[in-house]
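Heads up, the thing below is written out as C-alpha cells.
All values below were derived from every heavy atom in this structure, side-chain atoms included, with hydrogens, water molecules and symmetry-related copies excluded. Just so it is clear, the structure is predicted and the values come from calculations on it, not from any experiment.
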Amino acid sequence: MRYALLAVLSISVFAQEIKPLLPTTGPKPVGPYSPGIAVGDFVFVSGQGVADGSGKRPADTRTQAIQCVNNVRAILRMGGLDLANVFSLQIYMTDKGQEPIIDQVLKDAFSGKIPPHTKLVAPKLPVETPLEITAYANRSRQSGELEAPAIDRPAGCKALKQFIQCGVEVAAGGADVEQQTAAVLGALDARLKVLGSGINKVVATNVYLADIGEFQKMNAAYASFFLLRPPSRTTIQPFAITRGRVAISVIAVR
C-alpha cells in the first residue's frame, strides 16, 4: 500500500497538466489550435494577428501592432502571467519597412526593452494579416533552455529539463499538402516517442507552408493529430521551404 501511494505521489508531482487558454473576447482561432497553452509555470501563446475580438483590423501599422500586443497580453493573463513574464517573442511581418514602428510599439509595451526575439519577413501570413506575434512566457521569466523556432533549424529533437524541442521536419514526398502534413507529424511523433513523449504532449508548433493558399488543406490533416487538445501554433509562408510543401517544428512536454 505504501508503494502504491508513493507511485501516485510521483505521478502528481512530475506530471504536468496541459491546459488550453481560450479567451472569450479575443479573436477566434482560424484553425485547429489553442490561442494559448499553460503548462506548469509556462504559457505558450499562438501567433496573434492584428484583428480584435470582433474581427476588426486597425488601418495603420502602429495601431495594428498595439492590437497584436493586446491579444498576446489577454492570453497571458488567462494563464496568470503578463508581458513582464515573456522570455521569447517571434515577430512575423510582411513589410520590413514597418519594422521601426513595430519596434517602438514593442518597446513601449515592454517598458523600453524588447525581450529576446526573432524576426522574419514573410511574403504571406494567414488571413492576410500584415503582422503576427508569438510569445513564450514563464512565471520567473526563465526559458528552460527553449529556443525560438527557426525554419533553418534542422530536423532532430533534444530533451531539455521539462520539454523536448524538435527542429523543422520536412516531408520528403507526398502528392499533396495533406499527405505531407500527415507524414511530417507522423515523423515528429516517432521522434518524440523515442524520448518518452509523443504528439499528444505537444504544446506549441510552428507550421511553415510553401503556399498559404493551402492553409485549409493543411488544417484538415493537422487537426486529425490533435483531436482532444490542439497545441498553440504559428503558421507562416516563408520565402522558401527545402523540398516539401510543409515543414513543422514542435515543443512537447517530457
Side-chain angles (χ1 to χ4, degrees), residues 21 23 25-31 33 35-37 42-79 81-138 141 143 146-153 168 204-209 212 215 232-241 249 251:
L21 302 175
T25 58
K28 301 296 184 290
V30 294
Y33 60 86
I37 291 288
F42 288 82
V43 170
F44 299 89
V45 179
S46 289
Q48 296 300 301
V50 303
D52 62 16
S54 67
K56 182 179 178 181
R57 300 184 180 191
D60 64 285
T61 299
R62 181 177 179 277
T63 314
Q64 289 173 352
I66 290 171
Q67 185 62 55
C68 273
V69 171
N70 287 341
N71 292 340
V72 168
R73 181 189 282 114
I75 296 168
L76 289 171
R77 286 179 173 173
M78 282 201 70
L81 304 183
D82 212 324
L83 295 178
N85 302 106
V86 172
F87 66 83
S88 177
L89 286 175
Q90 298 125 54
I91 304 156
Y92 304 101
M93 64 190 81
T94 58
D95 183 357
K96 185 172 176 57
Q98 303 303 310
E99 184 176 5
I101 299 173
I102 295 167
D103 280 353
Q104 188 57 58
V105 169
L106 290 172
K107 287 178 182 176
D108 292 344
F110 288 96
S111 302
K113 186 176 181 180
I114 307 174
H117 58 280
T118 59
K119 291 179 183 174
L120 183 66
V121 178
K124 291 184 180 180
L125 295 168
V127 297
E128 299 183 356
T129 184
L131 175 66
E132 188 165 294
I133 298 177
T134 304
Y136 297 165
N138 174 273
R141 207 178 176 187
S143 71
L146 289 172
E147 298 176 345
I151 192 168
D152 57 354
R153 188 161 292 136
V168 169
T205 69
N206 265 51
V207 177
Y208 304 93
L209 279 174
I212 206 72
F215 184 70
S232 64
R233 192 180 87 185
T234 298
T235 306
I236 66 170
Q237 177 185 314
F239 281 97
I241 295 177
S249 64
I251 297 172

Could you measure the distance from the [atom1] atom of [X] to the [atom2] atom of [Y]? Nearest 0.5 Å is fine.
X: I91; Y: L131; atom1: CD1; atom2: CG; answer: 8.0 Å
X: E132; Y: I236; atom1: CD; atom2: CD1; answer: 8.0 Å
X: L120; Y: N206; atom1: CG; atom2: CG; answer: 10.0 Å
X: T63; Y: R57; atom1: OG1; atom2: CZ; answer: 14.5 Å
X: L89; Y: I114; atom1: CG; atom2: CD1; answer: 8.0 Å

Heavy-atom closest pair, residues [X] and [Y]:
X: V121; Y: F239; value: O-CE1, 3.2 Å
X: T94; Y: T129; value: CG2-O, 4.0 Å
X: A150; Y: V168; value: O-CG2, 3.4 Å
X: F42; Y: S143; value: CE2-O, 3.7 Å
X: D52; Y: S54; value: OD1-OG, 2.7 Å
X: P27; Y: Q48; value: CG-OE1, 4.0 Å

Flag side-chain contact, heavy atom, 4.5 Å: [X] against [Y]:
X: I101; Y: D60; answer: no
X: P126; Y: I212; answer: yes
X: N85; Y: V43; answer: no

Show the atom names and distances, to 0.1 Å, of all donor-acceptor pairs under 3.5 Å that link a side chain in residues 65-79 to residues at least two apart or in another chain.
residue	atom	partner	partner atom	Å
Q67	NE2	N71	OD1	2.9
N70	OD1	R73	NH1	2.9
N70	ND2	I66	O	3.4
N71	ND2	G49	O	3.1
N71	ND2	A51	O	2.9
N71	ND2	Q67	O	3.3
R77	NE	D82	OD2	3.1
R77	NH2	D82	OD2	3.3

Any Lys/Arg nitrogen of D103 or K119 sitting under 4.0 Å from an Asp/Glu carboxylate oxygen of the other?
yes
Listed partners of A122 passing side-chain contact (heavy atoms from CB on, under 4.5 Å), at least two apart
L125
Atom CD of E128 with >12 non-hydrogen neighbours under 6.0 angstrom
no
Please check if the side chain of [X] supplies one atom and the backbone of [Y] the other of a donor-acceptor pair under 3.5 Å.
X: Q64; Y: P58; answer: yes
X: S46; Y: R233; answer: yes
X: R141; Y: V86; answer: yes

Which residue, T235, V50, V30, forms the side-chain contact (heavy atoms from CB on, under 4.5 Å) with V127?
V30
Please lay out, stage by stage, how F87 and L146 fare under the test side chain to side chain contact (heavy atoms under 4.5 Å, CB included).
CA-CA 10 Å; F87 66 83; L146 289 172; 4.1 Å; yes
Y92 vs T134, side chain to side chain contact (heavy atoms under 4.5 Å, CB included): CA-CA, chis, key distance, verdict
CA-CA 8 Å; Y92 304 101; T134 304; 4.0 Å; yes
Applying ring-ring contact (aromatic ring centres under 6.0 Å, His included), which residue pairs with at least one partner in residues 113-137 are found, sequence neighbours left out?
F44-Y136
